[in-house]
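Worksheet: the structure to be examined is printed underneath.
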Amino acid sequence: MQAVVTGCAGFIGSHVTEQLLATGWSVLGIDCFSPTYDTSTRRSLIGGLSKHPEFEFIEGDVNDIDLLPHVADADVVFHLAARPGVRASWVDFSNVSRANILATQRVLDAVAVHPSTRLVFASSSSVYGRAAAYPTTESDPLAPISPYGVTKAACESLVGAYVSQMDIDVVSLRYFTVYGPRQRSDMAFTKWIRAALASNPVTVYGDGTAVRDFTFVDDIVDATIAVAAADLSGHEIFNVAGGSPTTVNEVLGLIERLVERPLILEHTPKALGDPDRTGGTTDRLRAATNWAPMWTVEDGLAEQVAWVKGTGRT
Ligand code: NAD
């Protein structure tokens with residue numbers, strides 16, 4: 001099987017790429033090393049992956065590259081490239097919408113020419129905003145409260161428009177806050193663990209009572225690859241959630257135990273666009289693929305702490 005993975009150097013994309021290669025796929029990876037967080041680690045990761053005989057890499061922007069020949073050769077396109085992050089989306093909407101909406105439209109255009117290629121699109125729980133109900137189901141209304149969430153909802157609408165007019169199959173996966181080794185350095189767990197290990201203050205937005213359905217990256221990878229082979233057609237949408245909604249304060253307590261030192265907490269006002277709570281049902285994904293989350297937050301956090309310390313998975 002042949003895959004295209006956009007965003008292959010990123011946190012989730014690199015894990016997906018490695019798992020595809022480990023299970024016999026050939027992968028063409030595309031990434032532009034967008035400067036949203038440190039690029040040197042991502043570059044060295046690609047350097048390592050490039051030694052694999054079934055991996056080919058194109059450095060470039062999905063908005064600029066001629067995607068057609070690559071999509072023509074692929075069974076599945078995993079479109080993970082984006083500018084993620086709620087907070088950044090308030091200040092850089094032009095680049096965020098280019099990386100998220102315009103790039104997705106280009107991928108859809110290429111898939112429309114090669115309809116036998118399945119598209120798996122990385123959406124986000126951010127499309128729900130302050131959800132109407134918890135746990136949230138895929139048919140609950142979309143009401144994003146951040147520009148980032150708006151871009152992901154717009155992408156899903158674009159997918160819907162293309163699928164309604166063209167004979168293509170697309171799976172949109174609404175990932176709920178992803179964590180684990182290689183988590184982006186602008187994301188909370190990585191920042192908190194690094195600060196804790198250096199005995200620096202740990203900055204927390206809000207009072208720590210916010211609840212997130214944190215999802216370990218291996219569970220995200222398994223779900224992403226499972227839908228590639230599932231018997232699905234049209235536009236299918238699935239939540240991918242860890243299944244154990246946890247408060248920020250509970251996570252901080254776990255980190256304190258794992259780093260074996262007291263955290264110095266600094267609370268700042270809640271960030272714009274952050275909902276108080278996320279939590280998703282995954283019954284639909286289980287029914288379609290037999291997928292179920294395997295990782296507890298405690299075990300997943302231990303993996304991430306080991307990665308930050310340099311003693312665990314790279
Ligand atoms: P990431 O920033 O680590 O990875 C994204 C990669 O895409 C980066 O390496 C970046 O250089 C690349 N990229 C961005 N725009 C590009 C473009 N136009 N052309 C080529 N490459 C481009 O982010 P991540 O956390 O791994 O997220 C991956 C996907 O999952 C994104 O679509 C994100 O919106 C989605 N998502 C992530 C989370 C999470 O908690 N991390 C939650 C929900 C959804």
Side-chain angles (χ1 to χ4, degrees), residues 3-14 16-17 28-37 39 42 46 57-74 76-115 117-129 142-175 178 184 186 224 235-237 273:
V4 170
V5 180
T6 72
C8 67
F11 164 40
I12 300 170
S14 61
V16 168
T17 299
L28 174 86
I30 299 173
D31 204 294
C32 66
F33 301 109
S34 61
T36 43
Y37 68 110
T39 54
R42 277 179 284 161
I46 291 298
F57 179 62
I58 298 177
E59 178 172 349
D61 192 315
V62 171
N63 285 296
D64 303 328
I65 293 168
D66 179 8
L67 298 170
L68 281 179
H70 311 303
V71 171
D73 289 344
V76 184
V77 174
F78 297 90
H79 177 44
L80 279 72
R83 285 224 176 180
V86 164
R87 280 177 281 282
S89 71
W90 293 103
V91 291
D92 192 17
F93 191 64
S94 155
N95 280 320
V96 170
S97 45
R98 180 175 152 79
N100 298 4
I101 304 172
L102 299 187
T104 300
Q105 190 270 338
R106 285 208 83 229
V107 172
L108 283 163
D109 262 354
V111 171
V113 177
H114 298 287
T117 303
R118 173 168 291 182
L119 174 60
V120 178
F121 165 66
S123 187
S124 166
S125 61
S126 301
V127 297
Y128 293 122
L142 304 194
I145 57 171
S146 69
Y148 169 67
V150 168
T151 66
K152 288 293 181 179
C155 289
E156 288 192 15
S157 290
L158 257 181
V159 170
Y162 272 73
V163 169
S164 77
Q165 301 301 306
M166 295 160 200
D167 188 22
I168 61 173
D169 295 334
V170 185
V171 183
S172 293
L173 297 176
R174 293 178 181 158
Y175 297 155
V178 189
R184 304 192 320 264
D186 62 326
T224 304
H235 184 197
E236 292 277 358
I237 301 176

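What you are looking at is a predicted structure, and each value in this text was computed from that prediction instead of being measured.
- With R106 contributing its side chain and I65 its backbone, the two residues share a donor-acceptor pair below 3.5 Å.
- Side-chain atoms of S146 never come within 3.5 Å of backbone atoms of G273 as a donor-acceptor pair (strictly under, hydrogens ignored).
- K152 places a side-chain N or O within donor-acceptor distance of the main-chain N or O of A122, the cut-off being under 3.5 Å.
- Note: I12 CD1 to L173 CG = 10.0 Å, rounded to the nearest 0.5 Å.
- For the salt bridge (charged side-chain N to carboxylate O under 4.0 Å, His left out) condition, the pairs that include at least one residue of residues 79-103, sequence neighbours left out, are D61-R98, D64-R98, R83-D92, R87-D274.
- Between F121 and V171 there is no side-chain heavy-atom pair separated by less than 4.5 Å.
- Between I168 and Y162, the shortest heavy-atom contact is CD1-CB, 4.0 Å.
- When the options L80, V76, V170 are evaluated for a side-chain contact (heavy atoms from CB on, under 4.5 Å) with V120, the one that passes is V76.
- Taking each heavy atom of T224 and F78 in turn, the nearest pair found is O-CE2, 3.4 Å.
- Residues I145 and W90 come closest through the heavy atom pair O-CZ2, 3.5 Å.
- Taking the side chain as every heavy atom from C-beta outward, H79 and V111 never approach each other to under 4.5 Å.
- Put simply, CD on Q105 and CG on N63 are 9.0 Å apart, with the number rounded to the nearest 0.5 Å.
- The distance from the CD1 atom of I46 to the OG1 atom of T39 is 12.0 Å, given to the nearest 0.5 Å.
- Taking NE2 of H235 as the start and CG of L158 as the end, the distance is 10.5 Å to the nearest 0.5 Å.
- Atom CG of L102 and atom CG of N95 lie 10.5 Å apart (nearest 0.5 Å).
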Enumerate donor-acceptor pairs with a distance under 3.5 Å from any side-chain N or O in residues 28-36 to protein atoms, sequence neighbours excluded.
from	atom 1	to	atom 2	distance (Å)
D31	OD1	F33	N	2.7
D31	OD2	C8	N	3.4
D31	OD2	A9	N	2.9

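- T104 places a side-chain heavy atom less than 4.5 Å from the side chain of L108.
- For residues 158-170, the set of pairs meeting the salt bridge (charged side-chain N to carboxylate O under 4.0 Å, His left out) definition, not counting sequence neighbours, is empty.
- Judged by distance alone, the side chain of S124 and the main-chain N or O of R174 form no donor-acceptor pair under 3.5 Å.
- Between Y148 and P84 the shortest heavy-atom distance is CE1-CA, 3.6 Å.
- Considering every non-hydrogen atom in both N100 and C155, the closest pair reads O-SG, 3.3 Å.
- The main-chain N or O of S172 is never found under 3.5 Å from a side-chain atom of S123 such that the two would form a donor-acceptor pair.
- Summarising the geometry of V86 relative to S126, their closest heavy-atom pair is CG2-OG, 4.2 Å, with the distance given to 0.1 Å.
- Here the straight-line distance linking atom CD of E156 with atom OG1 of T151 works out to 10.5 Å at 0.5 Å rounding.
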